Protein chains: 2
Amino acid sequence: MPTPARTSTDAIVAAGRAILDADGLEALTMSRVAAAVGVRAPSLYKRVRGRSELVRLIANDVAIELAHTLDAAATAKDPAAGLRAIAVAFRAWALAHPEAYHLLFDRLPDDARVDPQVNARSADALLRTAAELAGERHALDAARTVVAWANGFLNMELAGAFRLGGDVDEAFDFGVERLTRAIREESPFGP
Amino acid sequence: MPTPARTSTDAIVAAGRAILDADGLEALTMSRVAAAVGVRAPSLYKRVRGRSELVRLIANDVAIELAHTLDAAATAKDPAAGLRAIAVAFRAWALAHPEAYHLLFDRLPDDARVDPQVNARSADALLRTAAELAGERHALDAARTVVAWANGFLNMELAGAFRLGGDVDEAFDFGVERLTRAIREESPFGP
DNA sequence: ACCTGAACACCGTTCAAGT
DNA sequence: ACCTGAACACCGTTCAAGT
């Protein structure tokens, strides 16, 4: 005899994201998610294949949220100002959502990884700006340099790895400024 | 009645490192380590406080190994060549020991993290070279920029995150070259 | 058609009992 | 003094039984 559904995939993903933000990935257990949506753990398997798929669905939402955040920041006409705005927005987002940030950039089992096309969307605004700064020929290398720096910086900042003193905000500004000039060099528009 | 020890902390750490390199951190279970040294899992608790401490001991060894690798690479007289050599050695080491790399740079529970002074030793060669290139005033910011870039790059390369085509080796060379010039700018020795 | 308790195979960890 | 089986509290996951 059919019984009405008491939850939904959307509700499960939303509950999972809330648990992630509040207490981190390791606190994201099937039974805790189930409790949050008002069922028992085994019932979740009617909506998701397993914990890995749930993690992947959450990561997809997070990637889309980040893409929107970066798109919204990339409104400057000047590409140097645009790059700075993207970098600043990225850092602000990462510091505000550290667990979500790690979900995107830490290593995860293959079946928990974000869909490639969703991931590509996050990189879009940056790729366009890098192309403007570095020229088409070096756009990809330039974007990779900036993305690598930004990811490494936030990973270290969130891990508390900057332990040798100094001002972390200043180190970030230094990096943005120097990288902007570095990828601009040798562009078709001159130094 | 006293019985002779059948294993040692060193043997446990070495076995743990071997399992880590072979199959990754999640395969590093207490029972697997115990089997590798010829005892049962509960016996490990005579030598280490728990899995977290074992992970930390392994991470310390890994950090020291990396520090030696980077020190050995930093022999060039020219600081630009030195920076390139350090970066290349770092990448080669990370690609050869991906699990060890992640153990050092991924987020871990506090009680599993490398001792701060051991961690600082890894950064030493780079800090000296950065000081030569960027000048004392910007040495720390410059080192942070380079370390962030290198960590981010390897994290992405190991995660298979460079999926938009192009040559990854070339992107690495591009990054090294541009970063070297970027942190050198405005040094007391001129451009 | 959905939900559940019970069960299974794993973890890390503790501890009384063996030697 | 060290080692062990048994036990405990957790995981994720499966499945027969309930409604």
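Each chain gets a letter, A, B and so on, in the order the sequences are listed, and its residues count up from 1. As the structure is a prediction and not an experimental result, all values here were calculated from the model.
Between A:F172 and A:F153, the angle of the ring planes goes over 60°, which puts this pair in the perpendicular group of the 30/60° scheme. A tilted orientation is assigned to the rings of A:F105 and A:Y101, their planes being inclined by 30° to 60°. B:F90 and B:W93 have parallel rings, their planes meeting at less than 30° on a 0 to 90° scale where 60° marks the start of perpendicular.
Two residues are said to be in side-chain contact when any heavy atoms from C-beta on lie closer than 4.5 Å; A:L158 and B:R107 fail this criterion. At a threshold of 4.5 Å between non-hydrogen side-chain atoms, the residues B:D173 and B:R84 count as touching. Looking at A:H97 and A:L66, their side chains never come closer than 4.5 Å, going by heavy atoms from C-beta outward.
Counting heavy atoms of neighbouring residues, nucleotides and ligands inside a 6.0 Å radius, atom CZ of B:R137 does not exceed 12 of them.
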Quiz item: Could you write nucleotides 4-9 of chain C as a row of B, S and -, 5' to 3', where a protein heavy atom under 4.0 Å of any base atom gives B, of only sugar-phosphate atoms gives S, and otherwise -?
Solution: BBB---
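Nearest to the side chain of A:T3, among D:dG12, C:dC2, C:dT13, sits C:dC2. Comparing C:dC2, C:dT13, C:dC11 by their closest approach to the side chain of B:S31 singles out C:dC11.
The separation between A:R32 atom CZ and D:dG12 atom P is 12 Å, rounded to whole Å. Between B:E53 atom CD and C:dT13 atom P there is a gap of 11 Å when expressed in whole angstrom units. Atom NZ in B:K46 sits roughly 11 Å away from atom C1' in C:dC15 (whole-Å rounding). Here C:dG12 presents its C1' atom at 12 Å from CG of B:L54, a figure rounded to the nearest Å. Across the protein-nucleic acid pair, A:D111 atom CG and D:dG12 atom C1' stand 13 Å apart, rounded to whole Å. Between A:I12 atom CD1 and D:dG12 atom P the separation is 14 Å, expressed in whole Å.
For the pair B:R113 (side chain) and A:A159 (backbone), a donor-acceptor distance under 3.5 Å is present. With hydrogens and angles disregarded, no donor-acceptor distance shorter than 3.5 Å links the side chain of B:N60 to the backbone of B:V118. Between the B:R51 side chain and the B:L28 main chain, a donor and an acceptor come within less than 3.5 Å of each other.
Among the atoms of the strands shown, only primed sugar atoms or phosphate atoms (P, OP1, OP2) are found under 4.0 Å from some heavy atom of B:R47.
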Self-check item: Pairing annotation in dot-bracket form, given for DNA chain D with Watson-Crick or G-U pairs under 3.5 Å and | for cross-strand partners
Solution: ||.|||||...|||||.||
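Listed here is the closest heavy atom pair of B:R56 and B:D115: NH1-OD1, 3.3 Å.
Non-hydrogen atoms lying under 4.0 Å from DNA chain C are contributed by B:L28, B:T29, B:M30, all within residues 16-30 of chain B.
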